Amino acid sequence: DMVTPREHYNQALKSLDLAVERGHVSERDADAIKEFAAAYNEDDVSVPSPEGEGTRAYGTLRSYVNNLRRTAKVLDVDVVDATIDEINDFVNEMLSDGKSKNTVRNYQNNLRRFYHYHDFAVDREDIQLVSNEEPSVDDRDMLTKEEIQQIREAAEHPRDLCIFDL
């Protein structure tokens, strides 16, 4: 039984409700997160989409809800009341806790979009973005010119050569 992206998104909303019930996330934060996600959900007409912006896929919406729920849970203040310093401290803590730069960058981008949508105290431009991690490629993993030529000569079908050249 495959779970659809839409079901994953609905599960993220349920997790948010549960976090509110357990006192981990405030009602105000949950409402702001739900409104934000609804605004980018093309199937939810309860909230208009932001001017000049498209909707997002369910996988993206799920990521928004889950990342913002986790942020709301960890912050000492409500996300809706947070200052830029509190947001940047949260981000720096994630880095010191060993989260990958790509993970942290996802949170930062989600927070930027969230604060861009809502008119809270944080200006999205003030959320520092960590630089992208360069994918590390070991020279020993690279093929030599000779090896490339050998592979091309070994291709028995034009299709194989075409795929290799891609």
Side-chain angles (χ1 to χ4, degrees), residues 1-139 141:
D1 240 17
M2 269 257 319
V3 182
T4 66
R6 184 183 197 150
E7 288 167 326
H8 276 299
Y9 168 65
N10 288 330
Q11 186 54 55
L13 291 173
K14 284 186 190 129
S15 297
L16 180 60
D17 288 336
L18 201 59
V20 172
E21 276 174 39
R22 292 179 172 160
H24 299 240
V25 174
S26 74
E27 287 277 359
R28 292 171 63 227
D29 276 356
D31 289 346
I33 292 168
K34 287 178 189 170
E35 180 191 329
F36 167 67
Y40 286 99
N41 180 353
E42 69 179 347
D43 298 323
D44 189 333
V45 292
S46 68
V47 181
S49 294
E51 190 82 25
E53 288 198 58
T55 54
R56 298 290 180 276
Y58 278 109
T60 304
L61 297 175
R62 181 186 95 199
S63 165
Y64 287 169
V65 172
N66 283 335
N67 288 355
L68 290 164
R69 172 179 48 81
R70 290 185 196 114
T71 304
K73 200 172 164 179
V74 172
L75 279 183
D76 293 331
V77 297
D78 285 357
V79 176
V80 297
D81 297 326
T83 65
I84 187 58
D85 289 340
E86 288 164 325
I87 293 298
N88 284 331
D89 286 349
F90 163 72
V91 165
N92 289 326
E93 259 172 54
M94 288 176 69
L95 286 170
S96 10
D97 289 346
K99 296 262 188 283
S100 83
K101 283 186 176 178
N102 291 335
T103 297
V104 174
R105 198 176 170 84
N106 282 339
Y107 273 82
Q108 290 170 314
N109 284 322
N110 290 175
L111 285 161
R112 278 182 148 205
R113 188 166 296 283
F114 176 77
Y115 285 115
H116 179 63
Y117 173 79
H118 285 293
D119 198 19
F120 299 136
V122 172
D123 180 351
R124 70 180 284 178
E125 297 304 322
D126 294 333
I127 298 175
Q128 323 150 281
L129 284 179
V130 294
S131 56
N132 269 333
E133 270 175 324
E134 290 301 314
S136 53
V137 177
D138 190 325
D139 286 345
D141 293 334

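Keep in mind it's a predicted model, so treat the numbers as computed, not measured.
- Between atom CD1 of residue I84 and atom CD1 of residue I127 there is a gap of 5.0 Å, rounded to the nearest 0.5 Å.
- Inter-residue side-chain proximity for N66 and R69 is flagged as met; some heavy-atom pair is nearer than 4.5 Å.
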Using a 3.5 Å cut-off and no angle test, enumerate the donor-acceptor pairs between side-chain atoms of residues 13-23 and protein atoms at least two apart in sequence or in another chain.
unit_1: S15; atom_1: OG; unit_2: Q11; atom_2: O; d: 3.2
unit_1: D17; atom_1: OD1; unit_2: K34; atom_2: NZ; d: 2.6

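- Stacking of R70 on the aromatic ring of Y107 is not recorded, the 6.0 Å distance cut-off and the 45° axial limit not both being met.
- Atom CD1 of residue I33 and atom NE2 of residue H118 lie 8.5 Å apart, to the nearest 0.5 angstrom.
- Here salt bridge (Lys or Arg N to Asp or Glu O under 4.0 Å) pairs that include residues 72-83, with residues two or more places apart or in two chains, are R28-D78, R28-D81.
- Summarising the geometry, atom OH belonging to Y58 is positioned 7.0 Å from atom CD belonging to E42; distances are rounded to the nearest 0.5 Å.
- No more than 12 heavy atoms of other residues, nucleotides or ligands shown are found within 6.0 angstrom of CG on D119.
- Proximity of N41 to Y9: side-chain heavy atoms (C-beta onward) are separated by under 4.5 Å at one or more points.
- With rounding to the nearest 0.5 angstrom, the CG atom of L61 is 10.5 Å from the CZ atom of R6.
- Within the 3.5 Å criterion, the main-chain N or O of V130 finds a donor-acceptor partner in the side chain of R105.
- For the atom pair H116 NE2 and F36 CZ, the distance stands at 10.0 Å (nearest 0.5 Å).
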